[in-house]
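Everything on this sheet refers to the single structure shown next.
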Amino acid sequence: MSALAGVRWGSATAAYQVEGAVDEGGRTPSIWDTFTARPGAIPRGDSGEIAARIYHHPAVLLDAVAWLGLDTYRLSVAWTRMVTGPDGRPNPEGIAYYRRVLQGLRDRGVTPVVTLYHWDLPQWLQDAGGWANLATADAFAEFAALAVGELGDLVSEWITVNEPFCAAFHGHLSGLHAPGLHDEATALRAALVQLHAHGEAVRAVRRLAPTARVGVSLNLSDLEAATDNPADLAATRVADLVENRLFLDPALRGRLPDDTVGYFGADVVEAALRGVDVTRIAEPLDFLGVNYYEHNLVRASRVGNDLVVRGIEKLPVPEPRSGNGVAVNPAGFTRVLLRVAALEPELPIWVTENGIGLWDYLGPDARCNDVERIAYLDQYLAALATARDQGARVEAYFHWSLMDTFEWSYGYQLRYGLFYVDFPTGRLLPKQSAHHYRRLIAGQRAGGPPADGSTMDISSAGLSAGA
Ligand code: FCB
């Protein structure tokens with residue numbers, strides 16, 4: 001694995017997915033509180049109300065991070081905890097909470113990477129139009145400045161926006177995510193306003209923290225035409241427009257892809273661009289965050305089964321698949337990394353998310369033997385090594401996720417964690433994949449791997465050592 005030398009090893013979570021305590025510490029409601037309260041929005045009525053209880057027990061997270069031996073940890077700060085409300089004043093309790101977590105990471109020698117927007121828009125901003133309203137981008141730039149002012153002594157690496165594709169198209173077209181709308185024009189508008197907000201936030205961070213490193217996390221999919229017939233090739237290009245180029249081109253080139261108007265229509269694009277100067281989105285970045293999950297086989301379809309892209313169908317993929325049917329296709333990961341490298345050979349790539357959702361459970365021996373995740377890690381890190389060998393400047397890898405979380409439209413059943421969370425009690429248990437990742441990280445460092453089955457101190461934090 002020499003091709004992995006120098007990679008910074010990390011893992012990640014996001015505020016709403018793990019914190020719980022949604023009514024505490026001066027937090028105001030976000031669009032995810034509203035959305036999850038809607039009957040039928042999420043299976044079993046799951047929500048982030050309690051989640052993994054990290055707001056009350058941050059030491060659990062910190063101990064898990066330290067036990068793994070991570071170099072770096074990616075978390076998001078909830079806008080709804082950081083400010084008191086529409087007046088945008090800092091909320092001392094929320095800020096104190098994040099300062100505790102960030103200081104805890106630093107004390108353990110772990111470099112925090114903070115995402116400013118991981119989908120939990122304050123409800124008061126949604127009430128004023130949310131991401132369809134350009135004023136939300138201004139509010140976001142102010143929030144970014146506030147975050148740097150309050151946390152900048154502990155944080156020097158920032159991610160502006162996480163997966164604007166999902167927030168735009170699943171939030172405003174498929175309706176799978178908050179705010180749960182179904183309108184393509186609004187989805188495009190939400191995409192462009194988020195990108196505009198990203199540019200504004202980069203400028204705000206640079207102004208206040210000139211030496212900080214700033215990037216954005218885009219979820220990029222690897223799309224393959226099911227056949228080479230022209231209709232399927234065209235369908236694949238359309239999927240690539242909506243899922244990839246609509247974000248890559250503004251962020252890296254300051255322009256919309258040429259086929260944007262052809263697909264969405266001139267009037268829709270014109271309305272979506274109101275007040276947005278695309279050239280100003282392409283602020284120079286210190287890294288591009290790539291979240292990689294999806295490989296899809298695409299074909300043209302008159303009916304279509306895709307929830308977001310008209311006129312296309314994504315074919316069921318052969319095994320192996322994740323619990324929710326996503327292809328395990330490490331070659332797609334290599335392709336996506338090399339694609340970014342070809343676009344911007346000098347720009348460092350941070351894989352800010354990668355992982356597999358499984359219906360994990362504890363066996364009779366009270367262990368979670370997630371062999372599929374172990375195989376996934378090995379294959380995807382080999383794919384990452386291949387991309388590096390071929391010139392991709394991948395500098396960091398954050399496995400999604402540290403622990404099981406409130407997994408958005410899937411609720412609590414689909415698990416991505418290296419640590420199993422027993423949600424009724426909040427106890428954490430390292431899955432076999434956590435042991436594996438821990439050994440792998442140690443093996444990359446000088447001292448070599450720790451002895452098998454080495455234990456963690458579980459006394460204070462409610463962690464359970466497991467295997
Ligand atoms: C990404 C999200 C992250 C997590 C993973 C599985 O789209 O950014 O919060 O839900 O998917």
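All residue numbers in this chain count up from 1 along the given sequence. Both counts, for ligands and for their atoms, begin at 1 and track the order of listing. Everything quoted here is computed from the prediction, not taken from an experiment.
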Distance filter under 4.0 Å to Asn162 heavy atoms, resulting ligand 1 atoms = 8 (O)
query = Is the shortest N/O to N/O distance between Asn291 and ligand 1 below 3.5 Å?
reply = no
ask   = What are the atoms of ligand 1, with element, lying closer than 4.0 Å to any heavy atom of Trp119?
value = 2 (C), 7 (O), 8 (O)
request  = Report the nearest protein non-hydrogen atom to atom 5 (C) of ligand 1: residue, atom name, distance rounded to 0.1 Å.
outcome  = Tyr293 OH, 3.2 Å
message = Does this structure show an ion pair linking Arg206 with Glu283, if we count only N-O contacts that are shorter than 4.0 Å?
response = no
remark   = Restricting to heavy atoms, the pick from His177, Glu163, Glu407 nearest atom 7 (O) of ligand 1 would be Glu163
query = In ligand 1, which numbered atoms sit nearer than 4.0 Å to a non-hydrogen atom of His118?
reply = 2 (C), 3 (C), 8 (O), 9 (O)
message = Under 4.0 Å between a side-chain nitrogen and a carboxylate oxygen: does that hold for Asp286 and Arg213?
response = no
ask   = Quick one: does NZ or CZ of Arg74 land under 6.0 Å from the six-membered ring centre of Trp400, within 45 degrees of the ring axis?
value = no
query = Would you call Arg27 and Asp120 a salt bridge, using N to O less than 4.0 angstrom?
reply = no
ask   = Using 4.0 Å as the upper bound for N to carboxylate O, is an ion pair formed by Asp183 and Arg189?
value = no
Protein heavy-atom partner closest to atom 2 (C) of ligand 1 - residue, atom, separation in Å = Glu353 OE1, 3.3 Å
query = Should Arg253 and Glu344 count as an ion pair when the cut-off is N to O under 4.0 Å?
reply = yes
query = With a cut-off of 4.0 Å, which atoms of ligand 1 are near a heavy atom of Tyr416?
reply = 6 (C)
